[in-house]
Amino acid sequence: MSNRITAVLFDLDGTLADTAPDLAHALNRTLEHFGQPTLPFEEIRPVVSHGGIALIRRGFNMEPDEPGFEERRLYLLDVYLKNICTHTRLFPGMDAVLQHLCTKKLPWGIVTNKPAWLTNPLMAALPMPCSTRVIISGDTLPQRKPHPAPLLHAAQQLGVEPSHCLYVGDAERDMDAGRAAGMRTACALFGYLQEQDRPNDWQADIQLQRPEDLLRLLSD
């Protein structure tokens with residue numbers, strides 16, 4: 001693989017960074033504000049990759065078309081923005097992966113469905129061993145994952161052929177987008193998988209038990 005992969009793109013939540021503690025905090029403060037009992041972290045963690053809508057749906061057992069849903073979602077996002085990197089960290093071992101990419105002069109980037117007004121402050125606050133070359137947020141283009149357009153745009157920005165890119169994510173939509181873009185795909189099993197998820201069915205080229213597994217792949 002290392003002879004073909006010349007750039008690596010990462011999903012953000014649940015792949016590059018462990019954002020669950022701050023998102024769980026935001027959901028529980030929202031539940032408290034609206035007079036509902038809080039949820040244990042273990043129940044919130046698998047949902048956070050799917051954004052504010054999924055969190056409000058899980059916390060309040062509400063659907064987006066119900067009265068009050070949007071008010072709760074906006075409250076959650078406001079709390080989250082104010083605490084966006086209080087407890088968020090790179091997943092253990094990810095700093096070594098990024099350092100390896102930079103040492104080998106392999107460009108890397110982010111392709112996330114998180115909107116830029118949340119992505120940019122989070123990326124600015126996260127300590128990184130070296131800087132990313134491209135950040136594609138959920139509102140950079142009209143399309144979002146699982147559409148391949150964001151990944152193709154990232155590859156174009158890096159000046160790398162999609163077939164020479166590896167996309168790393170923790171959700172089925174990530175694997176779908178990567179395949180549709182003609183990239184190799186790696187499923188981050190350490191991310192925010194839900195109980196009903198079946199990553200063996202996602203047709204990823206590689207499954208990663210931990211971030212360091214990428215080092216062997218990129219060093220072969």
Side-chain angles (χ1 to χ4, degrees), residues 1-20 45-46 48-50 88-114 119 123 126 128-130 132-138 144-158 160-194 196-220:
M1 173 179 289
S2 60
N3 292 331
R4 298 187 57 213
I5 298 302
T6 58
V8 180
L9 299 170
F10 297 92
D11 176 46
L12 182 50
D13 299 76
T15 300
L16 186 84
D18 187 4
T19 56
R45 185 184 188 273
V48 299
S49 271
H50 301 282
T88 291
R89 301 289 184 270
L90 296 178
F91 276 101
M94 188 59 74
D95 54 346
V97 172
L98 298 181
Q99 187 62 63
H100 175 85
L101 292 172
C102 294
T103 299
K104 297 295 185 182
K105 295 183 169 32
L106 295 174
W108 65 277
I110 298 295
V111 182
T112 176
N113 279 354
K114 206 181 193 83
T119 300
M123 290 297 294
L126 270 173
M128 299 280 186
C130 54
T132 178
R133 289 264 302 275
V134 64
I135 299 174
I136 307 299
S137 297
R144 294 163 25 116
K145 299 178 296 180
H147 199 284
L151 277 70
L152 293 171
H153 186 60
Q156 182 181 47
Q157 294 294 303
L158 293 176
V160 177
E161 289 295 322
S163 60
H164 291 176
C165 291
L166 174 69
Y167 186 56
V168 187
D170 70 321
E172 185 173 14
R173 65 175 173 269
D174 298 325
M175 304 302 100
D176 289 345
R179 284 199 318 277
M183 298 182 180
R184 299 292 295 273
T185 57
C187 180
L189 298 178
F190 53 84
Y192 303 145
L193 276 69
Q194 300 186 69
Q196 68 269 25
D197 286 337
R198 297 291 180 265
N200 289 335
D201 297 335
W202 295 351
Q203 302 178 53
D205 294 300
I206 308 144
Q207 292 189 349
L208 307 173
Q209 297 292 336
R210 54 181 191 155
E212 294 96 318
D213 292 344
L214 279 169
L215 291 174
R216 294 197 302 272
L217 296 170
L218 296 168
S219 300
D220 289 343

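Source: prediction; values computed, not measured.
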### Task
Evaluate side chain to side chain contact (heavy atoms under 4.5 Å, CB included) for F190 paired with M94, printing each intermediate quantity in order.
CA-CA 11 Å; F190 53 84; M94 188 59 74; 4.3 Å; yes
For a quick test of reading the model, state the closest non-hydrogen atom pair linking [X] to [Y] and the distance between them.
| X | Y | answer |
| --- | --- | --- |
| A181 | P148 | N-CB, 3.7 Å |
| P46 | L193 | CB-O, 3.5 Å |
| T132 | I110 | OG1-N, 4.1 Å |
| G14 | T19 | N-OG1, 4.5 Å |
| A188 | D170 | O-CB, 3.6 Å |
| A204 | M175 | CB-SD, 3.5 Å |

### Query
Any ion pair linking R210 and D213 (charged N to carboxylate O, less than 4.0 Å)?
yes
### Task
Answer yes or no: is there an ion pair linking D176 with K145, defined by an N-O contact shorter than 4.0 Å?
no
Nearest-0.5 Å distance that lies between atom [atom1] in [X] and atom [atom2] in [Y]:
| X | Y | atom1 | atom2 | answer |
| --- | --- | --- | --- | --- |
| R216 | I206 | CZ | CD1 | 11.0 Å |
| L12 | K114 | CG | NZ | 5.5 Å |
| W108 | H100 | CH2 | NE2 | 14.0 Å |
| L158 | T6 | CG | OG1 | 9.0 Å |
| L152 | I136 | CG | CD1 | 11.0 Å |
| L16 | T112 | CG | OG1 | 10.0 Å |

Verify, without hydrogens or angle tests, whether [X] (side chain) and [Y] (backbone) share a donor-acceptor contact under 3.5 angstrom.
| X | Y | result |
| --- | --- | --- |
| S137 | T119 | no |
| R179 | W202 | yes |
| T185 | Y167 | no |
| T15 | F10 | no |

### Message
Between L218 and V8, does the side chain to side chain contact (heavy atoms under 4.5 Å, CB included) criterion hold? Intermediate values first, please.
### Response
CA-CA 10 Å; L218 296 168; V8 180; 4.2 Å; yes
#### Entry: side chain to side chain contact (heavy atoms under 4.5 Å, CB included) evaluation trace for N200 with Q207
CA-CA 9 Å; N200 289 335; Q207 292 189 349; 2.9 Å; yes
Residues two or more places apart in sequence or in another chain: which of them pass side-chain contact (heavy atoms from CB on, under 4.5 Å) with [X]?
| X | answer |
| --- | --- |
| Q196 | Q194 |
| R89 | none |
| A155 | P162, C165, M183 |

### Task
For side chain to side chain contact (heavy atoms under 4.5 Å, CB included), just list the numbers for D174 and V168, CA-CA rounded to whole Å, side-chain angles, deciding distance to a tenth of an Å, and then say yes or no.
CA-CA 8 Å; D174 298 325; V168 187; over 6 Å; no
### Task
Count the heavy atoms of every other residue, nucleotide or ligand shown that sit under 6.0 Å from CD of E161, and state whether that count exceeds 12.
no
Residue pair [X] / [Y], side-chain donor-acceptor N/O under 3.5 Å:
| X | Y | result |
| --- | --- | --- |
| D18 | Y192 | yes |
| D13 | S49 | no |
| R173 | H50 | yes |

### Task
Find out whether H164 and R184 are in side-chain contact, i.e. whether some heavy atom of one side chain is under 4.5 Å from a heavy atom of the other.
no
### Side-chain heavy atoms of D11 within contact of V111, under 4.5 Å
no
### Message
Testing V97, L101, I5, L98 one by one against L214 for a side chain to side chain contact (heavy atoms under 4.5 Å, CB included), which residue passes?
### Response
V97
